Amino acid sequence: NMQRKKLIAGNWKLNMTQAQTVAYINEFKTKINTNSGTEVYLCPSFTSLQIAKQTSEATSIRVSAQDISQFDNGAYTGEISAEMLKEIGVDTVLVGHSERREIFKEDDSIINAKTIQALKNSLRVILCCGESDAIRSENKTDEWIKAQISSGLQNISADSLANIVIAYEPIWAIGTGKTCDSVEANRVIKMIRDHLATLYSKDLADKMQILYGGSVKSSNAAELLSQSDIDGALVGGASLKAEEFSLIVNAAAVALR
């Protein structure tokens, strides 16, 4: 779909010091095809966000945080607010990654609150959803994902949708080396788009970028990205090497349709 730009985001998770961040970006920016129109995001740890912004200045690379507090300020030890992120030039945040949900026990209401908090502060949100092995084996994937999307977007107006990207990451495929078959990944993403159309409108759903995540690497990126409804990728492990991640970014340019 020509109206939707491709978006490739690299989620570094708990990796990369400031020194490693600088070295990575200096290498990465020489390897990516910058005039393809693909949106490229790096998602470093909080302590590397500012230096990532500085090192990627004058490039097309954008910097996203991996999380955000649902609170403005106050007695919330260890939290990072929207205001703090905006002050250092961060314009995008990941919300609801399966690791936040599973390891840090963030439920749907927290994820909804974080999404609203980001949008209220003019931050773009990459909202993550995905099912476990158990859910998939019970054939409950579609209802699970729909419920995650519905609750994640609760009380969010149609006007805000322009600032939301959805990332579908089947939990059973994250870091396991198992990738969701590209046809099945596209089916689920099309189902998400149809669900967004029922929650809002077909017109708005057709404009939204929906990404696939889960063991994306340079060897499978082109096939995933050539599917009709997959608008990009949220990349974990394969984004930790500048060379490998640049190949994925460059595969998006080739897959433009």
Side-chain angles (χ1 to χ4, degrees), residues 7-17 20-21 24 41-49 52 63-71 76-82 84-85 90 92-118 123-137 140-141 144-145 147-149 151-153 164-180 185 188-189 192 209-217 220 224 232-241 244-245 248:
L7 191 163
I8 309 289
N11 177 14
W12 289 355
K13 305 184 181 181
L14 183 53
N15 294 291
M16 301 278 206
T17 61
Q20 290 167 328
T21 298
Y24 178 111
Y41 280 95
L42 293 173
C43 312
S45 295
F46 288 126
T47 53
S48 289
L49 286 170
V63 176
S64 165
Q66 294 175 17
D67 190 21
I68 187 173
S69 176
Q70 67 268 47
F71 304 110
Y76 302 107
T77 301
E79 292 289 281
I80 304 281
S81 73
M84 294 168 186
L85 293 174
V90 171
T92 304
V93 294
L94 293 183
V95 174
H97 191 280
S98 63
E99 287 152 8
R100 299 299 319 167
R101 294 175 189 264
E102 306 241 297
I103 302 168
F104 300 102
K105 309 289 181 247
E106 293 185 11
D107 61 21
D108 285 327
S109 66
I110 291 176
I111 287 152
N112 177 240
K114 288 184 172 191
T115 303
I116 289 169
Q117 177 71 345
L123 294 166
R124 194 178 191 191
V125 174
I126 300 176
L127 179 63
C128 305
C129 62
E131 83 286 6
S132 65
D133 227 349
I135 301 278
R136 179 159 280 264
S137 58
K140 291 187 176 157
T141 294
W144 177 267
I145 302 291
Q148 281 188 327
I149 299 285
S151 57
L153 295 178
I164 300 176
V165 174
I166 305 285
Y168 167 58
E169 289 204 305
I171 299 168
W172 50 270
I174 300 175
T176 56
K178 288 190 223 172
T179 315
C180 188
V188 174
I189 286 175
I192 292 170
Q209 290 165 309
I210 310 179
L211 319 178
Y212 169 77
S215 297
V216 177
K217 36 193 177 293
N220 61 28
L224 285 161
L234 180 56
V235 185
S239 72
L240 293 173
K241 293 196 168 66
E244 170 73 359
F245 191 49
I248 297 171

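Please read these numbers as outputs of a predicted model, since none were measured by experiment. Heavy-atom basis, side chains included; hydrogens, waters and symmetry copies ignored.
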Ring pair (Phe, Tyr, Trp, His ring centres under 6.0 Å) partners of [X], counting only residues at least two apart:
X	result
W12	Y24
Y168	none
Y76	F71

Applying side chain to side chain donor-acceptor pair (under 3.5 Å), can you list everything that pairs with [X], at least two apart in sequence or on another chain?
X	value
Q66	none
K140	E138
S98	none
T17	Q20

Margin query: Tell me whether the count of non-hydrogen atoms from other residues, nucleotides or ligands lying under 6.0 Å of CH2 in W172 goes above 12.
Written below: yes
In chain order, what residues pass the salt bridge (charged side-chain N to carboxylate O under 4.0 Å, His left out) check against [X], with sequence neighbours excluded?
X	result
E99	K13
D107	none
R100	D67, E106
R101	D108

Next item on the list: State which residues pass side-chain contact (heavy atoms from CB on, under 4.5 Å) with N220; sequence neighbours excluded, sorted by chain then number.
Entry: T179, V216, K217, L224
Note to self: Could you go through V165 and T92, starting from their C-alpha distance and side-chain angles, then the distance that decides it, and tell me whether this counts as side chain to side chain contact (heavy atoms under 4.5 Å, CB included)?
What the structure shows: CA-CA 10 Å; V165 174; T92 304; over 6 Å; no
